[in-house]
Amino acid sequence: MPIDKNLMRLVKIEDVNIETPTVKTIFFKDSLSSVSKPGQFLMVWIPRREELPLSVMISDTKNHAAITIRKNGYGSTSLFNKDIGDRIGIRGPFGNSFSFNKSLKNIIFLGGGTGLVPLVRLLYYIKEYDSKFTFIMGAKTKSELFFTELIYEWAKAKKIDLHIATEDGSLGTKGYPTDILRAFLSVHKDIDMIYTCGPELMMKKVYDIAIINSVRMEASIERYMKCGIGICSSCCINDKLVCVDGTIFNETKIQKLTEFGVSYRNKSGILTKF
Amino acid sequence: MPIDKNLMRLVKIEDVNIETPTVKTIFFKDSLSSVSKPGQFLMVWIPRREELPLSVMISDTKNHAAITIRKNGYGSTSLFNKDIGDRIGIRGPFGNSFSFNKSLKNIIFLGGGTGLVPLVRLLYYIKEYDSKFTFIMGAKTKSELFFTELIYEWAKAKKIDLHIATEDGSLGTKGYPTDILRAFLSVHKDIDMIYTCGPELMMKKVYDIAIINSVRMEASIERYMKCGIGICSSCCINDKLVCVDGTIFNETKIQKLTEFGVSYRNKSGILTKF
Amino acid sequence: MDYDIPINIAGLDLKNPVIVASGILGLSQSIFDRLYKIGAGAIVSKSISLLPREGYRNPTIVSVDNMSYINAVGLANPGAESFSTEISKNKGPLLVSLVGSEKSEFSVIVRKFRDHKILGFELNLSCPHVEKMGMEIGDDLKLVYDIIQSIKKETTKPLFVKVGLGKSDILEVAKVAESAGADGITAINTLRAMKIDIETQCPVLENKIGGLSGSAIKPLGIRCVYELSKSLKIPIIGCGGIMTYSDVVEYMMAGASAIQIGSLIGLKGISSIGKIVMGLRSYLEAGNINDIKEIIGIAHR
Amino acid sequence: MDYDIPINIAGLDLKNPVIVASGILGLSQSIFDRLYKIGAGAIVSKSISLLPREGYRNPTIVSVDNMSYINAVGLANPGAESFSTEISKNKGPLLVSLVGSEKSEFSVIVRKFRDHKILGFELNLSCPHVEKMGMEIGDDLKLVYDIIQSIKKETTKPLFVKVGLGKSDILEVAKVAESAGADGITAINTLRAMKIDIETQCPVLENKIGGLSGSAIKPLGIRCVYELSKSLKIPIIGCGGIMTYSDVVEYMMAGASAIQIGSLIGLKGISSIGKIVMGLRSYLEAGNINDIKEIIGIAHR
Ligand SMILES: Cc1cc2nc3c(=O)[nH]c(=O)nc-3n(C[C@H](O)[C@H](O)[C@H](O)COP(=O)(O)OP(=O)(O)OC[C@H]3O[C@@H](n4cnc5c(N)ncnc54)[C@H](O)[C@@H]3O)c2cc1C
Ligand SMILES: Cc1cc2nc3c(=O)[nH]c(=O)nc-3n(C[C@H](O)[C@H](O)[C@H](O)COP(=O)(O)OP(=O)(O)OC[C@H]3O[C@@H](n4cnc5c(N)ncnc54)[C@H](O)[C@@H]3O)c2cc1C
Ligand SMILES: Cc1cc2nc3c(=O)[nH]c(=O)nc-3n(C[C@H](O)[C@H](O)[C@H](O)COP(=O)(O)O)c2cc1C
Ligand SMILES: Cc1cc2nc3c(=O)[nH]c(=O)nc-3n(C[C@H](O)[C@H](O)[C@H](O)COP(=O)(O)O)c2cc1C
Ligand code: FES
Ligand code: FES
């Protein structure tokens, strides 16, 4: 019988990668997650603590997957504090995924923080393809950057342009990744697609820039999630449920999402301005 | 997904055969029943009336099966009164089946009344085999005999010895089928197996005769059944559950069934003498 | 597509008897509009309390085998004020679900929706996992009576009372509701239940105990509707474990005039609403049933 | 094979905590002897009434999806006199289940087993489908108290009281049972449920309403055991929907000192008893758990 992805599975943490002092990648064995499509997420249970939606990160080991967590509040810190041998529960993968086909010849990835996770998984899937990849990464400061080495590693085999923006200028361009994007698009007129994930206001800028430049784009939107399966409506944005209709929306869909970049539902479901 | 045999299936009666004024064969489509093994039974629901255990009878149509019912009390009469187009519910098939292998070269079937049903299904399965078949049938009187034509029909293609005993001598030998068996065994010393089904006291005699003559035998035992799945114990005989451990028991097993031919459990579960 | 299987229940004309249950996609007007469009005969909102509630921390919902869930959302909702703004432009067939911990709260909540275009209200007497709300109130028959009367005083719109299998006799609660002026009964809510993860040796839900919904509870819901419809005069909305149009038919034969679906949407997605309606239509056509009323309570004959 | 996972419950030493539930293969001494041999830690007999009962006409049991059944056997049983003869030579760990409709009946029944080698008794307060028996008695707290006292007056053997989810508060009933002298609680019995066949438009069971058992009720049973073990001092036997050894572990972590299995035997056959025991043993070995007591109630921590 196939495993029901809705049933929670307990997995043991098999390896851990410290990305920055506050960001950790956690590896585990789970065949369903290992084949999840780029952009899909898991509901991750930290026993006795919390359950959080987290994007699926890549693992090089067969039947394995990973998650990358930034230490923040109660749930994320509990998860961050887990180590090799500890158990967590997962259900999913849930949600749709980034679209990709080989006709996209010139692709930009733009992300920051843990928003990099689904972009990295996507790049991992398509990096052997005969396309041009540009990766724009943003962070507050140099020490908060991660996954750069991974991309440099991949770039050995296949050209990947990596552009970095830090707010304090400690590495790469000083400023925001969207500044780089704007400049890049004024020069490169043959971009087929921009994939983005990160803070919503950043993604809103990416959307605006893409529209002005008539470039297609896809963004992974975050909302507060409880069920992950389209039943509780805590994750809704306009008439869409991010957990099942998303998390990936393209520019045509985003155009109708008047709440995008404007407001979100808080834990009680009240529409709240960003 | 395979059908769960425990879930009740509603079937439409597609054909009916009047065997005698009080016995009817009812045909219906049901793939699970159509492949039931000889000796297995169904729990048959007569809506708003009763549910009865009934042996599976044969049908010549693919994916079809049949049941043969003798009109008697409340439930059986309700079923007997059903006609083409009516619906009944079935679950099963349940129980074990007669054992057979090609090394059995000389076989006797001995039955009476609706006890003929599993024997006929068995014969149907094995009639092409290279064995000698003797069928001994008993009834009170000629008009209560049925399935004889079916056997004559089969006997055209392949020799089947049919012996008939009626208590009033209106057809065949006057007396009991067990009288015929006794006489037959005194002449034929090379019998490999006796299959029997019918009134328990008759089967008890068959057992006794088989033991004396050192012939193997298998009998299909009836007990009051509620669940058909080995949970309620209404059908128990000694430490066996007729619905799952039986209904077929061979002479070795019967030897340990001290209640066989002696007593049965009534509807309250009280052990009662025959 | 046209999802018409017209029914009338408690004076309300619905385009079909398939209603989205409370707590299921029940917070956003945009989602309500989408639900109408894809076939819902009506929608019950998330249960609304006087003040906003954040509900429990995650996990708030856990799957158990066999198409069932246990949830303890903790009645997270925006509160009456904010929700009345949310649905201020509503034009669809919406019922607002009400929950509270004191009698006085209900009339205040109902008044917030006085000028709204909504069908009516559903009183949640049976939330099994929030203390001093829902279930606990439903166990106090005198309080049930008083709350219903206080709501009926504030509104002429129909009031459905949602009952469940808790600590008290569901038949008794429903009879009290009827005598207090309820226009219909919704049965059943989820049942108090629990899942323990044996590897980590702890309950999975943050609240430990939640409410069981889905397939597992269908035989219980059918029985309740059957028994309720024997002893009540007001109509019944059946709810619990409906997964296919044939489950709808089973509920209606047991005595339900309409039904609600919940867990199914988690299992099969939002489009399953329309599929249920279309399945029901085909069933009625195949059986030459002109008016779905013909099958309501037919199993009692 | 050796099915040893020794436990002590209410003063009884059992070879393991896996007990065959009442009504499951509960009528014949030969079957009891077979059940001991294939691994059962103990057996509860069919519920025995003062006089024999034929029970309801068939169908008495119907499968619902998902490894669950609804049954309305109607407490068919041979009656106290005949059953005391049946088990007169018993040497195995047998509990006799008692059911009645009047207080006075119970002491008469118990006296019939005065000279028998049995472990003790289980009082069935929770049969959901026979009027004036089981459930209805269980709803009258005063009567519950009196019945238990009248039984305890007749015997020094342990008495377990079996409770269910009916019209009254399971916690309250159990507390009354404890205060009246019950030595343990069995939870839960089946829940009133129904299946209607939509083709023939009628309930399937002859009695129309029956009791739901099997997988569907496990989350309810776990919850009841968890809540009961929070508020009682006497031990609890968990029952309802146990299909695997891990379900046994879940019940024990919730607070059960032993468990009963029923429906599983219909689904997986009589040998499933031994398989559950062996599965449990492997689980304990793999986890280096020397005494199964260590996991009882561990989910409360
Ligand atoms: C689809 C999706 C994928 C995500 N992927 C990642 C990832 O790969 N790595 C990562 O570190 N984070 C990811 N997040 C964010 C993550 O779920 C948490 O929001 C974040 O870790 C903060 O958790 P906390 O316990 O610190 O929050 P708290 O301190 O409890 O709350 C802080 C804020 O976190 C957010 N948050 C908390 N719980 C949830 C929830 N259940 N659903 C959505 N937002 C919540 C809310 O905005 C809340 O206001 C993802 C979120 C979503 C919706
Ligand atoms: C395995 C098995 C296969 C059978 N196969 C056939 C068959 O192919 N054709 C056929 O006509 N009959 C068959 N029977 C007998 C059949 O089940 C009924 O017993 C019989 O039809 C009488 O039913 P009634 O409604 O007239 O009984 P009633 O008048 O209600 O009772 C008369 C007697 O019938 C028997 N009986 C009634 N209900 C049951 C029951 N649920 N289980 C067992 N016995 C019962 C009892 O001995 C009872 O005393 C079979 C029985 C069993 C156990
Ligand atoms: C996640 C979730 C949240 C729910 N919230 C509410 C609620 O706020 N108010 C209410 O009356 N019922 C609530 N319910 C119960 C449903 O309305 C419904 O009665 C129950 O789920 C049974 O139907 P189902 O088996 O079709 O899911 C909720 C159910 C679920 C699964
Ligand atoms: C066919 C059947 C008959 C039952 N008869 C009784 C009974 O006589 N007395 C009783 O206390 N419980 C009876 N029960 C309930 C079981 O003992 C048990 O409490 C219930 O089935 C839940 O356990 P399960 O889910 O493992 O089956 C019966 C259950 C079934 C399925
Ligand atoms: S998280 Fe519940 S609907 Fe999306
Ligand atoms: S009929 Fe129930 S055990 Fe055989």
Side-chain angles (χ1 to χ4, degrees), chain A residues 1 3-12 43-53 73-75 78 86-92 94 223-241 243-245 256-259 263-272, chain C residues 21 23-35 37 46 48-49 51-67 69 71 73-79 81-83 85-86 195 197-206 213 262-270:
Chain A
M1 232 173 35
I3 307 166
D4 179 350
K5 70 173 183 176
N6 291 310
L7 290 177
M8 188 184 283
R9 311 171 301 271
L10 266 280
V11 297
K12 204 160 72 192
M43 293 299 293
V44 178
W45 181 46
I46 309 110
R48 294 163 211 265
R49 296 287 178 271
E50 248 293 2
E51 190 183 40
L52 288 175
Y74 181 74
S78 313
D86 288 341
R87 276 162 201 281
I88 53 175
I90 50 174
R91 56 192 176 97
F94 299 119
R223 280 296 178 274
Y224 195 81
M225 289 186 182
K226 288 180 178 169
C227 70
I229 54 171
I231 200 174
C232 74
S233 89
S234 69
C235 69
C236 63
I237 177 169
N238 293 83
D239 69 341
K240 295 289 179 279
L241 301 167
C243 67
V244 290
D245 300 319
K256 295 182 197 139
L257 298 178
T258 56
E259 295 170 13
S263 53
Y264 64 95
R265 304 243 169 210
N266 71 10
K267 289 193 189 182
S268 332
I270 300 177
L271 206 58
T272 312
Chain C
I24 312 301
L25 303 181
L27 287 172
S28 138
Q29 183 65 46
S30 319
I31 301 270
F32 296 156
D33 292 336
R34 177 172 172 195
L35 289 169
K37 220 177 295 164
K46 177 76 196 169
I48 302 297
S49 52
L51 299 176
R53 288 177 58 93
E54 290 213 341
Y56 301 129
R57 192 191 292 282
N58 280 343
T60 44
I61 183 154
V62 56
S63 272
V64 289
D65 290 309
N66 311 326
M67 315 205 289
Y69 298 108
N71 88 81
V73 170
L75 292 172
N77 80 86
E81 185 61 45
S82 181
F83 192 66
T85 313
E86 175 79 33
K195 160 120 196 97
D197 174 62
I198 65 167
E199 292 198 52
T200 52
Q201 312 187 329
C202 64
V204 175
L205 294 176
E206 201 265 336
S213 66
S263 303
L264 172 66
I265 293 175
L267 287 158
K268 297 287 160 85
I270 199 167

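To find a chain, count down the sequence lines: A is the first, B the second, and so on, and within it residues start at 1. This is a predicted model, so every value here is computed, not measured.
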Novice: Does any heavy atom of chain C fall under 4.5 Å from the side chain of A/Leu52, the backbone, both, or neither of them?
Specialist: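 Neither the backbone nor the side chain of A/Leu52 comes within 4.5 Å of chain C.
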Novice: Output the option from A/Arg49, A/Met43, A/Arg265 having the highest count of non-hydrogen pairs under 4.5 Å with chain C.
Specialist: A/Arg265
Novice: Quick one: pull up CE in C/Met67 and CG in A/Asp4 and give me the separation to the nearest 0.5 Å.
Specialist: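 The distance works out to 10.5 Å.
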Novice: Hey, does the side chain of C/Thr200 reach the backbone of A/Pro47 with a donor-acceptor pair shorter than 3.5 angstrom?
Specialist: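 No, C/Thr200 side chain to A/Pro47 backbone: no donor-acceptor pair under 3.5 Å.
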Novice: Quick one: pull up CD1 in C/Ile270 and CD1 in A/Ile231 and give me the separation to the nearest 0.5 Å.
Specialist: 11.0 Å
Novice: Could you check which of C/Pro78, C/Gly269, C/Gly262, C/Ser82 has the highest count of heavy-atom pairs closer than 4.5 Å to chain A?
Specialist: C/Pro78
Novice: Report which part of C/Phe32 has an atom under 4.5 Å of a heavy atom belonging to chain A: side chain, backbone, both, or neither.
Specialist: neither
Novice: Between C/Pro203 and A/Trp45, which heavy-atom pair has the shortest distance, and what is it?
Specialist: O-CZ2, 3.9 Å
Novice: Can you tell me how far apart CG (C/Leu267) and CD1 (A/Ile229) are? Round to the nearest 0.5 Å.
Specialist: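 Between C/Leu267 CG and A/Ile229 CD1, I get 6.5 Å after rounding to 0.5 Å.
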Novice: For A/Lys5, is the NZ atom crowded, meaning more than 12 foreign heavy atoms sit under 6.0 Å from it?
Specialist: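 Correct, the count exceeds 12.
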Novice: Considering only heavy atoms and a distance below 4.5 Å, find which of C/Leu205, C/Val73, C/Ile265, C/Asn77 pairs most often with chain A.
Specialist: C/Asn77
Novice: Check each atom of C/Glu86 against the heavy atoms of chain A and say whether the ones under 4.5 Å are side chain, backbone, both or neither.
Specialist: side chain
Novice: Looking at A/Cys236, A/Ser233, A/Ser234, which hits side-chain contact (heavy atoms from CB on, under 4.5 Å) with C/Leu25?
Specialist: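 It is A/Ser233, the one option of A/Cys236, A/Ser233, A/Ser234 that forms the side-chain contact (heavy atoms from CB on, under 4.5 Å) with C/Leu25.
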Novice: What residue, out of C/Pro59, C/Ala76, C/Gly55, C/Gly26, has the most heavy-atom pairs lying under 4.5 Å from chain A?
Specialist: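 The residue among C/Pro59, C/Ala76, C/Gly55, C/Gly26 with the greatest pair count is C/Pro59.
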Novice: Side chains of C/Asp33 and A/Asp239: does their closest heavy-atom pair fall under 4.5 Å?
Specialist: no
Novice: If I measure from the heavy atoms of chain A, does C/Asp197 come under 4.5 Å with its side chain, its backbone, both, or neither?
Specialist: side chain
Novice: So which of A/Met225, A/Glu50, A/Lys267, A/Met8 has the biggest tally of heavy-atom pairs under 4.5 Å with chain C?
Specialist: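 So the answer, after comparing A/Met225, A/Glu50, A/Lys267, A/Met8, is A/Glu50.
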Novice: Apply side-chain contact (heavy atoms from CB on, under 4.5 Å) to A/Leu271 and C/Gln29, showing your working.
Specialist: CA-CA 11 Å; A/Leu271 206 58; C/Gln29 183 65 46; over 6 Å; no
Novice: Are the charged groups of C/Arg34 and A/Asp245 less than 4.0 angstrom apart, N to O?
Specialist: yes
Novice: For the interface with chain A, which of C/Ser28, C/Gly79, C/Ser263 has the highest count of heavy-atom pairs at distances below 4.5 Å?
Specialist: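 That would be C/Ser28.
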Novice: Quick one: what part of C/Val64 sits under 4.5 Å from any heavy atom of chain A, side chain, backbone, both or neither?
Specialist: backbone
Novice: If you round to the nearest 0.5 Å, how far is OG of A/Ser268 from CD of C/Glu54?
Specialist: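 Atom-to-atom, C/Glu54:CD and A/Ser268:OG are 5.0 Å apart.
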